[in-house]
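This report concerns only the one structure given below.
Keep in mind the model is a prediction, meaning the values are calculated, not measured. Residue numbering restarts at 1 for every chain, and letters A, B, ... go by the order of the sequence lines.
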Amino acid sequence: MLGDGIIKGLAETARNFFGSYVDKERLTTVQYPEERLPQIEGTRDFPFLVYDGDDWEKGLRCVSCHICEKECPPKCIFIEKSKDKKPDAVGKLQFYPVRFDIDVSVCMSCQICVEVCPFDAIKMDVEFELSSDDRFGGLLHHKDKLAKSNEYYHKIHPTEAAAVDAALAEEREKEKEKQKQAALAAAAAAAAKAAAAPASAPAAHVPVPAPGTNTDTSAKEETK
Amino acid sequence: MTLSFMLLAAIAILGAAAAMNLKTAVHCVLALTLGMVGLAALYLQLGAQFVGLTQVLVYVGAVAILAVFAIMLTRSRTGETLAPGSVSSRLSGALTALLVFAVLAWAILTGVSPQPLSGAQPEASVREVGVALMQRFVLPLEIIGVLLTAALIGAGVLAIEEKGGDR
Amino acid sequence: MVATSLQELYNWGRKSSIWPLNFGLACCAIEMIATTMARYDLARFGAEVFRPSPRQADLMIVAGTVTKKMAPQVVRLYNQMAEPKYVISMGACAISGGPFKQGYNVLKGIDRYIPVDVFIPGCPPRPEALLDAFLMLQRKIDEQQLTGPGRPRHLQEEQPSEFVVPQYGQHDLTPTRNDAIWHAPLVNISNAGPNESGRD
Amino acid sequence: MNSLSSYLLLSAVLFSIGLSGALIRRNAILVLIGIELMLNAANLNFIAFWRYGRHPEMLTGVMFVIFSIGVAAAEAAVGLSIIVAVYRHFRTTDLDKINFLKG
Amino acid sequence: MNLEEIKSQIEANVPGCSLEILPNASPSGQHSLLVDPEHALTVASFLRDGASPHFDYCSNVTGIDWPLKETSSKQKTKKIVDGVEKEVEELVKISTGNYLEVVYHLFSQENRQGPLVLRMRTGDRAERVHLPSLTPVWRSAEFQEREVYDLFGIVFDGHPDLRRLLMWEDFTDHPMRKDYVDPDDYEYEPTAHDEVLRRTQAHYAAQEALSGAEEAR
Amino acid sequence: MSVLTEVSIDTISQPANDHLHGDLLEISMGPHHPSTHGVFRMNIVLDGERVVKLKPVFGYLHRNHEKIAEHETYLGSMPYTDRLDYICSITNNWAYALAVEKLAGIPVPERAEYLRVITGELTRLQNHAGLIGFLLQDMGASGTPLMYAFREREKILDLFEALTGSRMMCNYMRFGGCRRDLPSGWMEHAQKVVDGFPRFLDEFERLLRTNEILMARTQGIGIVTREQAINAGISGPMARASGVNYDLRKVDKYGIYDRFSFRVPLGEHGDVYDRYMMRLLEMRESIEILKQAMRDLPSGPIMDPNTKIRNFRPKAGEAYGRIEAPKGELGFYLISDGGPNPYRYRVRPPSLINLTLLEQMCLGHNVSDVVIILGSVDIVLGEVDR
Amino acid sequence: MTNHMYLPVIVLLIAGAAFAIGPLALAWVWAKKFSPQKAGPTKNAIYECGLESNGDAWIKFKPGYYLYAIIFLIFDVEAVFLLPFAVAFGGFTVAESVSMLVFLLLLVEGLVWAWQKNVLSWT
Amino acid sequence: MPEMIDQIFVLLKQWIMGYVPSGLQPLCSAILSVLPILVVFPLLFAITTVLERKGLGRMQNRYGPNRAGPWGILQPAADGIKSLTKEDIVPRSADHLVHLLAPILIVIASFLVYSVVPVGRNMVVVDLNAGVLFFFAIGSMVELAVFMAGWSSRSKYSLLGAMRAIAQMISYEMPMVLSGVVAIMAAGSLSTVTIVNMQAGYTGIWPHWYLFTPWGITGYILFMIAATAESNRCPFDMPEGESEIIAGYFIEYSGFKFALFFVAEYLGMMASSAMAITLFLGGWAAPFSFLTWIPSWFWFFAKLILMLMVFIWIRGTLPRLRMDQLMNFGWKFMLPLSLINIVSAGLWHYLPSGFTRWSVISLLLLLSCFLLSRNLRRNKWFQERTYRFAS
């Protein structure tokens, strides 16, 4: 009979119409600004830099090795390596990024920077509300915006963060082991180093906007 | 000569004149529909409701559409202006029309004696039309039926060739 | 008093009835479609009326990579939209060329040719991000003045409403950018030019 | 000057306009439109005569107009078809040219 | 399916054609068959209709640019026949390339075999870039050959509709060639480094030179 | 050559003068058109509403994928493959990974193979669901089928997000395995989604399968015969709708597809309806595969331990690897010169080649048919233009 | 005059026109006062999928539609005759109804002819 | 008391008229009868758009507009304000005058048809002797307006849309008129008021609606299908077929002119529904005799909204037909069936009432329906298929 397929279809939509008043399956809308979907743990959006401890400048894990910059497929990372070394969160002397920019207007969230980072310093964030009407200011994230605490990392990716922490702890253990041996070998030299470390620390405690200007001038000087 | 008559007559004349004088064929047809609507309103005013509405239905709804289609079919640029006729032909045409009008007007003005409305307001109700149609006018009805069928077939035959000819 | 309520009404009407142009370019278009779908339901904001004709649309969501071959069409479509019109540049590609910006046929950001109201980073942005940007656009509309010097572009007589449509050239589009609206800061060609850090 | 004659005059005007159009216009479709106009002018006469006639209850004028509309429609259909058919042969609807082509 | 076998089949059926098997060192083991352009169409027709198995399905068509590459290698120190067979270590300058190549990947749907990799080479990269189109044999090559024409500049004779596929008509370059120079649009590079940095710097240098020139005028 | 109709260009003559035809109306449909699935463009010449000539115009989304890939590392191209056919990123990953694995001779652990099958078939499900939604949208069903399709798609995207981190651009596979093992609870969730999927299919079929309008619109439209399909290189569901029994999962048995029992639906008419039905039927088969794969999923490593992620340099040579992507045969042709990035990187896009016969399919049909024929081909511009 | 009867219709006609013209006028005033109209060469060009429209849209169109219009015209007139018949139908004898049936059949014949000749098939 | 509420608007009008000087009475009376039309139907249009968007939303498992005002009911207001303040673009090469006139004409025509719709007992703008004919005559003006819009825009898509619209409207106008004829035959009048009055009686609790006769239900269904096509609603929305010809005949319209087309579409849809209600569903008559205490206008609008719901429901479900199928369906199914329906209504009149009459006419209609639909099938319309599998 002409029309029974149509009637079947009509019945189906009617079922969905009435179902939407009783069944969650048939009213799948999540009213976004007020309601949100549960955060999926594996979600990735844009990279951020992990820091340990409380001071983001001091605790950045990044040692500015440029690996992510090189591997980044769309070339959205820009790093300037420091001339000097500063102690990191555990007090070890490391190079640090004078400048670490990620252009989120280019980043494609591919996570390759995370995969290639040997220091677990860069991880994927879940924040997506980054809309801006400022093309040049709003979408180029500098390290002050990128730096997020390890606790935050734990909050957004608990399983992964725990694994990373475990691996890092293990590595540190090994490092310590090594250092111990090194210390045994050259205790005096190590002590001297430890004494020298605080001397370079104040440089890191410049107010937030300062590093940018600092580095710029230094960069310029370098070219001249 | 009431206001409504003047108004409607003006619309009808305007529409008709525009239909005959506009430069773009489609505009002419649109103006014609205006004139037809004016005429239909006059019919309504005269109490011939059924005829007036029929006029709208047939002329606005069908003839105009058909004319538009014919224009679409035969003019490669439907929007372009039509070539005016030669001056002499225009002049002679206008003269002839004027002459005819003069004769008609003379006949009307002299021949028709002003006449009061006869009796009550005549109202051609649809029922009366229907009854008349089926009783007194059965033969014309059937003839019109034949005519329409013939027209349909004739027009169809003429038009069919356009569809590829082989049917 | 009347003016302010008129302005409020105007802004409320505009922001509650933003009809996007039915216009998707690439990957982001799928997320844009997903945003209109049941789970995210852009319709809640009165914006499900995706008009296919630019004449009737208010918002152009540039969702996806704008290639150089496509750029003239995008600009033309934008030009053909009726004022007031807004542009959301959705996704990395539309903002800057994104991952494909090294490509010879990829435009490095639609804002080189048309003014953009909101940029959404992401590749592609999540549907929520588009909703977020949409809300941001609504806020922006809400703040616009009906009169006075601060009134938006479309209310100002002298401001243009259409922009140069680039032409296909032998190697590239001409012009490569609309200098009237595109002011690129010299950023970070480290050591090469004046540096402007962009943030403060 | 009252009622009937004014209608008749109007009808005459319309008729003349239609006639002038039919004579002046060279596009066959417009000529046809002119003819339709003339027909309608006649129809107006019928209605007016019916309205102001002696036996309005007989409906003769009305019936006449109804049939006239029917005939006019048939005429329009066939006429436009002929015009289209002519166009097919001569590639024009300009009557002068058609005349010329006919020889 | 054996490439040797097919080669001999073709040789037996298409007189005068010269074929060459190009070995492929990768583990994929997809060796290819180099066909001379003059006989390519006949060979293709034979492969589709006559060969066993029938290669009725042309899956992939693509171009490759091999610019002139001069390698002075020491590793190529094999036997040089110089009267007596000797092993001499010699610096040999080998120039390879300087041609464009089209690759067809053929499969047989009937026998579910393949791929047969068919190659053709142009004379050089500038003038002698004509190759016969195989679209008359495999319709699937139509768009792909157009694409190769567009991006590599190989002209396919006998193609029914050889226009640019991806770029616009007025575009004059062939961007997939190795020596193609990108249009200079590096106005805004927030994260410039490596290659991008170089180009950006070049861009700004050029701009400055340009504006300087304008000022001078 | 019998299967070739003439493809001459610009030779559509104006109809003979002695017939009255309408003028031909030249229309470009696209690049901005609601149903060209992106920025596809067709230059159509219409006689009334009948298509007398149709030329597709490509390139509005030509993003230079191949050129960029020649500058990227092998790994760096992986996220770009996501953006080829942006609806099915995982199968693109798979095809690329497969080609590189062929090029470099990398083995894949068993568990990774299973994961690939599971994610790949999920991809097929959501692609097909989306496609039939879009197809019906093109037919003018104001959004309802598309909404239902996307409702299911969202469920699968949730799975993808939980596993790979991203809804669409999964970037999941690596040479010699997969990037990430299943998070806890994923399998149960996936089981639920897969088990619930047939319900959606049933609903969908009730909604529209026997709908008279749908059948009338799609049957006998855009016919491709078997011979034409083979000669024009058409692959995937579109070829199978024409009766070509060629499914790479059966032919190449790549991965571990020989371990699963599933059937390949075949059409007879090769029209839009058959193509539509192929998708519906394939979804049911995919569910079968998924059920088997999820049942048999072994434990073990998911990456080949000997494959480096960074500084990956396969030795000189070339390889062509292909898989049965939801849209057809997706192939990658790679030439390595021993460097860190491929010397030549070529994608064999199924959508582009499936469009070869577009004009032939559309000629003589209506404008309305053109959009559904295009819809039934299932193109994604990211892949067509690359 | 006779026709106070049509007064509401005329009022409705005027009101309908006002309903259309009023907002248009208001929009015009708004545009004058606040939001200037900005015409431009591309903005006021014909829309064609974002491309420049080439070729005129005012073309000779296909005859397929034309045949339908002819048949429609004929049937429209038939309906005109049918309506008064239908109104007066209640009082008719069988003979009168049969004469109408004959009329109908005549036209049906036309329809059948058109059907047979495939005039009703869209090409 | 129920009487009072039923006639409250009529009484109100009479009360006001009492204060009007007699010279102005006809004009005032006209204005007073027109005013409600101008208020109620545009309002109903606004409500329908929200209902439609929310209803479609619910069918599609989502909410639909719910932000503008409480539950989103102010959405049409926002749309209206937006449309009013939007720039008005007229293409340079368009025919400006016709381009302007088209939306005005279409709105006028859409409003005019309401003058013969009885929205309640004694509630009609004008009881024309030939009311139904008036409805169709004015309705045919819409075709012209659509043509004007599409042609004057001078866009190829709008031209296609206009041509489709005209072809479709002329094809479905005939079935619409002819399917209405059966009700006219039964009522013996073209006056809408009389037609409703004829249906206002009850047998037991059952109303005398023409819907409850075999020819009535056939006529009703045919009328509704034709009405859907006439108002360009899904599944007959080819003239504006979004996925095919972008926006059809109003593609070049922006701002409020576009909104006017929108208004006209919905007004047309409501007018067709109102006419269907008048012809077949007993107009303002209550569905059961024991419900007559509810005011008549309530019933009219209840039926109207119900019909609008059906329109929305269909729109949410069905894909669009193709142009040739639409025309085939119109000319080869609808038209013959409506002719047969007229004949059967005539037969019904002459057959003795009772079961035989019912069964004979039903059988006749079912048979012809079956034969005609089979004819459509025979023309290779569609078949269900089975598929083979390769393993």
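Residues C:Q80 and G:T42 come closest through the heavy atom pair CG-O, 3.3 Å. G:Y47 and C:P52 make their closest contact through OH-O, 3.7 Å (heavy atoms, listed as atom of the first residue, atom of the second, distance). Closest of all the heavy-atom pairs between G:K38 and C:Q156 is NZ-O, 3.0 Å.
For C:E157, the parts lying under 4.5 angstrom from a heavy atom of chain G are both the backbone and the side chain. Contact annotation for G:A45: both backbone and side-chain heavy atoms come within less than 4.5 Å of a heavy atom of chain C. The part of C:R55 that comes within reach of chain G is its side chain, from C-beta onward, which places non-hydrogen atoms under 4.5 angstrom from that chain. Residue contact with chain G, scored on non-hydrogen atoms closer than 4.5 Å, involves the backbone of C:M81 exclusively.
The 12-atom threshold is exceeded at CH2 of C:W182, counting heavy atoms of other residues, nucleotides or ligands nearer than 6.0 Å.
At a threshold of 4.5 Å between non-hydrogen side-chain atoms, the residues G:K43 and C:E83 count as touching. A heavy-atom distance below 4.5 Å is not found between the side chains of C:Y10 and G:F34.
Between the OG1 atom in C:T147 and the NZ atom in G:K33 there is a gap of 8.0 Å [rounded to 0.5 Å].
Most heavy-atom pairs under 4.5 Å with chain G: of the set C:L146, C:V75, C:V165, C:V74, this distinction falls to C:L146. For the set C:R151, C:Q159, C:M70, the count of heavy-atom pairs under 4.5 angstrom toward chain G peaks at C:Q159.
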